[in-house]
Amino acid sequence: QVQLIESGGGLVQAGASLRLSCVVSGITFRAFAMGWFRQAPGKERDFVAAINWNGGTTFYSDSVKGRFTISRDNDKNTVYLQMNSLKFEDTADYYCAASPQDWGLDVREKYAYWGQGTQVTVSS
């Protein structure tokens, strides 16, 4: 059974930092690229960041570039999202996802497995 379990969400003030974690089981973690997406109430699920299988390549949406950092630890089957200088508009449910491909990682359909999400709320 494949499981992706996110944690680390919460309520913070604008300007604060949070680190999200996603622990993966049931797949060969190092064989998958990993991504983070987010979904605000009433909106589409949007791409945030992605990382290839060995961590050598990362991708970011323009809205988070320079503030968020994605990383992974293949020994711990875990992907992280360090979020700094949080803004009110970062408020959303954050989902991690696993993709068997290393391209097109900003596209939801490239991902085979998804977590249940963790909520991030940024107060202004």
Side-chain angles (χ1 to χ4, degrees):
Q1 180 184 1
V2 179
Q3 286 191 308
L4 289 75
I5 300 176
E6 302 97 336
S7 63
L11 170 63
V12 296
Q13 290 188 328
S17 298
L18 279 176
R19 188 175 83 153
L20 305 183
S21 300
C22 174
V23 179
V24 181
S25 60
I27 59 174
T28 303
F29 181 70
R30 62 181 67 244
F32 285 76
M34 297 298 299
W36 287 95
F37 287 73
R38 67 186 180 186
Q39 187 168 18
K43 296 194 175 181
E44 298 271 318
R45 188 172 297 188
D46 292 330
F47 170 74
V48 175
I51 189 166
N52 75 329
W53 71 275
N54 67 357
T57 305
T58 56
F59 311 88
Y60 298 93
S61 69
D62 288 342
S63 61
V64 307
K65 201 173 294 183
R67 298 187 299 122
F68 290 11
T69 303
I70 189 171
S71 61
R72 66 188 295 161
D73 185 335
N74 284 349
D75 292 331
K76 295 182 178 179
N77 286 10
T78 302
V79 61
Y80 304 97
L81 186 68
Q82 177 67 41
M83 305 187 295
N84 298 329
S85 302
L86 282 161
K87 303 176 182 181
F88 174 74
E89 49 266 39
D90 294 319
T91 296
D93 291 328
Y94 283 71
Y95 299 87
C96 72
S99 173
Q101 302 175 347
D102 257 358
W103 64 92
L105 293 175
D106 58 338
V107 177
R108 284 176 295 178
E109 288 74 15
K110 296 295 186 182
Y111 291 83
Y113 303 104
W114 291 83
Q116 293 300 305
T118 185
Q119 189 174 56
V120 172
T121 304
V122 184
S123 63
S124 58

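Side chains included, hydrogens not; waters and symmetry mates left out as well; all remaining heavy atoms used.
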Hey, is [atom1] on [X] packed in by over 12 heavy atoms from elsewhere, all under 6.0 Å?
{"X": "W114", "atom1": "CH2", "result": "yes"}
{"X": "Q13", "atom1": "CD", "result": "no"}
{"X": "Q116", "atom1": "CD", "result": "no"}

Membership question, hydrophobic clusters at under 4.5 Å side-chain separation (ILVMFWY): are [Y] and [X] in the same one?
{"X": "F37", "Y": "V64", "answer": "no"}
{"X": "Y80", "Y": "V23", "answer": "no"}
{"X": "L81", "Y": "I51", "answer": "yes"}

Closest non-hydrogen atom pair, [X] against [Y]:
{"X": "P100", "Y": "F32", "answer": "N-CD2, 3.6 Å"}
{"X": "R108", "Y": "R45", "answer": "CD-O, 3.4 Å"}
{"X": "S85", "Y": "D90", "answer": "O-OD2, 4.4 Å"}
{"X": "D73", "Y": "F29", "answer": "O-CE2, 3.8 Å"}
{"X": "A97", "Y": "Y111", "answer": "CB-CD2, 3.4 Å"}
{"X": "S17", "Y": "N84", "answer": "OG-OD1, 2.9 Å"}

Quick check for you: to the nearest 0.5 Å, what is the distance between [X] atom [atom1] and [Y] atom [atom2]?
{"X": "M34", "Y": "S71", "atom1": "CE", "atom2": "OG", "answer": "11.5 Å"}
{"X": "I5", "Y": "S21", "atom1": "CD1", "atom2": "OG", "answer": "12.0 Å"}
{"X": "R30", "Y": "N77", "atom1": "CZ", "atom2": "CG", "answer": "8.0 Å"}
{"X": "Q1", "Y": "S25", "atom1": "CD", "atom2": "OG", "answer": "7.5 Å"}

Given 3.5 Å as the limit, does a donor-acceptor pair link the side chain of [X] with the main chain of [Y], or not?
{"X": "Q39", "Y": "K43", "answer": "yes"}
{"X": "Y60", "Y": "I70", "answer": "yes"}
{"X": "R72", "Y": "N52", "answer": "yes"}

Handout entry: With L20, the side-chain contact (heavy atoms from CB on, under 4.5 Å) member among E6, R38, M83
Key = M83
Practice task
Begin with the C-alpha distance, continue with both residues' side-chain angles, and end with the deciding distance and a verdict on side chain to side chain contact (heavy atoms under 4.5 Å, CB included) for W36 and V79.
Solution key: CA-CA 9 Å; W36 287 95; V79 61; 3.8 Å; yes
Handout entry: NZ/NE/NH1/NH2 to OD/OE distance under 4.0 Å, K110 and D102
Key =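 So K110 does not pair with D102 through a salt bridge.
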Problem - Salt bridge present between D62 and K65 (N-O < 4.0 angstrom) - result: yes
Practice task
Take the angle between the ring planes of F68 and Y94 and call it parallel below 30°, perpendicular above 60°, tilted in between.
Solution key: tilted
Practice task
Tell me whether the centres of the aromatic rings in F59 and F47 are closer together than 6.0 Å.
Solution key: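 Judged by ring-centre distance (under 6.0 Å), F59 and F47 do not meet the cut-off.
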